K.L.:
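Attaching a single structure in structure tokens format; questions to follow.
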Amino acid sequence: MLSCSKCLLPETAEATSFDESGSCSVCRQIEVRDTQINWDDRYKQMMELVGQYRDKGLYDCILPYSGGKDSVFQLWYVVRKLGLKPLVVRFDHWFYRPLIEENNTSVFKQLGVDVLNFTPNWHVVRELMLESLKRRGDFCWHCHTGIYAHTMQVAIRYETPLLIWGESLAEYQSFYSYDEMEEVDEKRFNRAMNLGITADDMYEFLGGRVAKRDLYPFVYPPRKELMRIKCRSVCLGSYIKWDTKKHVDIIKSELGWKGQEVEGIPPEYDYEKIECFFQGVRDYLKYIKRGMGRTNHLANIDIRNKRMTREQGEALVREFDGKRPPSLDLFLDYLQLTEEQFLGIAIKHEVSPWQFSPNTVEPGRRMPDMDKWNNTQVPWPNHPGVEIGGGKG
């Protein structure tokens, strides 16, 4: 399996290409970020943009928020640096770890913001998780579509046309490049967020097990409604140079934000994806399908930012990627799957030339807060059942 000559990104990574020297498209995008973008000019553009919306309604902007490092930095920047009044919108996917609530309470009190929380129907969520797992090898469809679609719906309801998101996708993937002014619009939603499955598609796939109106939180709003409020949905990372480690230092020092260990990730990255207690399962799925885990992703960021050598990154990847997360047991219990069924589904989504070998997998470390994760089970009398897929590994 080929990988980038500069970082460790493999050829199986989504939306990635390689040039004649073997350098990946993401590394080239970071070069554009560092050498070709006039960030002073981008900052001026941002100030002109927010000036059009300041003090025009109940809120100056909508800010989607999970409590992870990026959304906390977004909120800090919007309030403390831009002086805007945001409506903070939280989409609760059901799997937040206990520390997130502690962090959020502290951050919200310090910054003094209004917060709107939404939690979708658990029975619907479980159906969506299983269906998207079977069809795309990714159980997070409800989370990603909900975060984006529902937040856009809130903008319409509150008639607040400006939405401010986090980093540009160009920072990590090649759906966009830094020389584009990326908008978080329906095109981006369909290209990079919804796995190629709309809410209407999901309704048909579920065969009547979920009512159409129960899928409303996952429906991207009509274009005419967004045009009516003159919606602008932008990435903060299109206007300021993104540097995750610097941002983490800011929110830890300014807000007392706390990190924690995540399954399959070196302890020094205590800021990465700390929100969801199934993050380890998602990264394990990615490893099964593409041969890369979260440590590969983190090492690549540090290599591109000249904070780590390629050899150091390779050593971390060998040590941490591909371990079986202990949270998989809870995940299987939630969806009422056997591990054989889970692996059968995942391996069907394997990306050539990678080949996963289940017999070589080692167990990962149990997280200290795992006993506090919500393991309350609910019967699933009409479970649709799962056929075990064919294996390659």
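Since the structure is predicted, the reported quantities are computational estimates derived from the model, not experimental observations.
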K.L.:
So which atom in Ile274 and which in Arg97 form the shortest heavy-atom distance, rounded to 0.1 Å?
P.N.:
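So the two residues come closest at O-CD, 3.3 Å.
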K.L.:
Relative to the ring of His142, is the ring of Phe218 parallel (under 30°), tilted (30 to 60°) or perpendicular (over 60°)?
P.N.:
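Judged by the thresholds at 30° and 60°, the geometry between Phe218 and His142 is perpendicular.
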K.L.:
Below 4.5 Å, heavy atoms only, C-beta onward: do Lys6 and Glu31 meet side chain to side chain?
P.N.:
yes
K.L.:
So do the side chains of Val234 and Glu183 get within less than 4.5 Å of each other, counting heavy atoms only?
P.N.:
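Counting from C-beta outward, Val234 and Glu183 do come under 4.5 Å.
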K.L.:
Would you indicate whether the side-chain heavy atoms of His150 and Val89 approach each other to under 4.5 Å?
P.N.:
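They are in contact (side-chain heavy atoms under 4.5 Å apart), so the answer is yes.
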K.L.:
In the structure I gave you, are the side-chain heavy atoms of Glu254 and Trp76 within less than 4.5 Å of one another anywhere?
P.N.:
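In short, these two side chains touch, coming nearer than 4.5 Å.
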K.L.:
Is it true that, when you exclude Lys44 itself, more than 12 heavy atoms of the residues, nucleotides or ligands shown sit nearer than 6.0 Å to its NZ?
P.N.:
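It does not: Lys44 NZ has 12 such atoms or fewer within range.
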K.L.:
Looking only at heavy atoms, which two atoms of Gly313 and Leu8 are closest? And how far apart?
P.N.:
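It is C-CD1, 3.5 Å.
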K.L.:
Starting from Tyr216, can I reach Met152 by hopping between I/L/V/M/F/W/Y residues whose side chains sit under 4.5 Å apart?
P.N.:
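Not linked; separate clusters.
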K.L.:
Check this for me: does any side-chain nitrogen of one of Lys69 and Glu272 sit under 4.0 Å from a carboxylate oxygen of the other?
P.N.:
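Judged by the 4.0 Å cut-off on N to carboxylate O distance, Lys69 and Glu272 do form a salt bridge.
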K.L.:
What is the minimum heavy-atom distance between Val184 and Tyr220, and which atoms define it?
P.N.:
O-OH, 3.8 Å
K.L.:
Does Arg42 make a cation-pi contact with Tyr178, if we ask for NZ or CZ under 6.0 Å from the ring centre and within 45° of the axis?
P.N.:
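Checked: cation-pi criterion not met.
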K.L.:
Within the supplied structure, the quantity of interest is the number of heavy atoms (other residues, nucleotides, ligands) at a distance under 6.0 Å from Lys134 NZ; does it exceed 12?
P.N.:
yes
K.L.:
Evaluate the side-chain proximity of Val386 to Leu335: yes if any heavy-atom separation is below 4.5 Å, no if none is.
P.N.:
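Not in contact.
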K.L.:
Is it the case that Arg135 places NZ or CZ above or below the six-membered ring of Phe205, under 6.0 angstrom from the centre and within 45 degrees of the axis?
P.N.:
yes
K.L.:
Under 4.0 Å between a Lys/Arg side-chain N and an Asp/Glu carboxylate O for Asp200 and Lys212?
P.N.:
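Yes, this pair counts.
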K.L.:
Which atom pair, heavy atoms only, marks the closest approach of Asn296 to Asp321?
P.N.:
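Shortest heavy-atom contact: N-OD2, 3.1 Å.
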K.L.:
So Lys323 and Asp283, salt bridge (Lys or Arg N to Asp or Glu O under 4.0 Å) or not? Walk me through it.
P.N.:
CA-CA 10 Å; Lys323 301 289 193 299; Asp283 292 335; over 6 Å; no
K.L.:
Answer yes or no: is there a side-chain heavy-atom contact under 4.5 Å between Ile147 and Trp165?
P.N.:
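Heavy-atom side-chain distance check passes, below 4.5 Å.
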K.L.:
Flag yes if Trp380 and Trp94 sit in one hydrophobic cluster, no otherwise; membership is Ile, Leu, Val, Met, Phe, Trp, Tyr, and two members link when side-chain heavy atoms are under 4.5 Å apart.
P.N.:
yes
K.L.:
Indicate yes or no: at least one non-hydrogen side-chain atom of Tyr65 is less than 4.5 angstrom from one of Val107.
P.N.:
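Tyr65 reaches Val107 side chain to side chain.
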K.L.:
Grab the two heavy atoms, one from Ser66 and one from Tyr96, that are nearest each other, plus how far apart they are.
P.N.:
O-CE2, 3.5 Å
K.L.:
In terms of heavy-atom contacts, does NZ of Lys245 have more than 12 from other residues, nucleotides or ligands at under 6.0 Å?
P.N.:
yes
K.L.:
Restricting to non-hydrogen atoms, name the atom on Leu343 and the atom on Tyr284 that form the minimum distance, rounded to 0.1 Å.
P.N.:
CD2-OH, 4.4 Å
K.L.:
Can you confirm if the NZ or CZ of Arg282 lies within 45° of the ring axis of Phe331 and under 6.0 Å from the centre of its six-membered ring?
P.N.:
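Because its charged atom misses either the 6.0 Å distance or the 45° angle limit, Arg282 does not stack over Phe331.
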K.L.:
Does the side chain of Ile229 reach to within under 4.5 Å of the side chain of Glu225, using non-hydrogen atoms?
P.N.:
no
K.L.:
Okay, side chain of Gln279, backbone of Cys276: is any donor-acceptor separation there less than 3.5 Å?
P.N.:
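Such a contact is absent between Gln279 side chain and Cys276 backbone.
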K.L.:
What's the verdict on ring-ring contact (aromatic ring centres under 6.0 Å, His included) for Phe73 and Trp257, showing C-alpha distance, side-chain angles and the deciding distance?
P.N.:
CA-CA 10 Å; Phe73 174 77; Trp257 185 82; over 10 Å; no
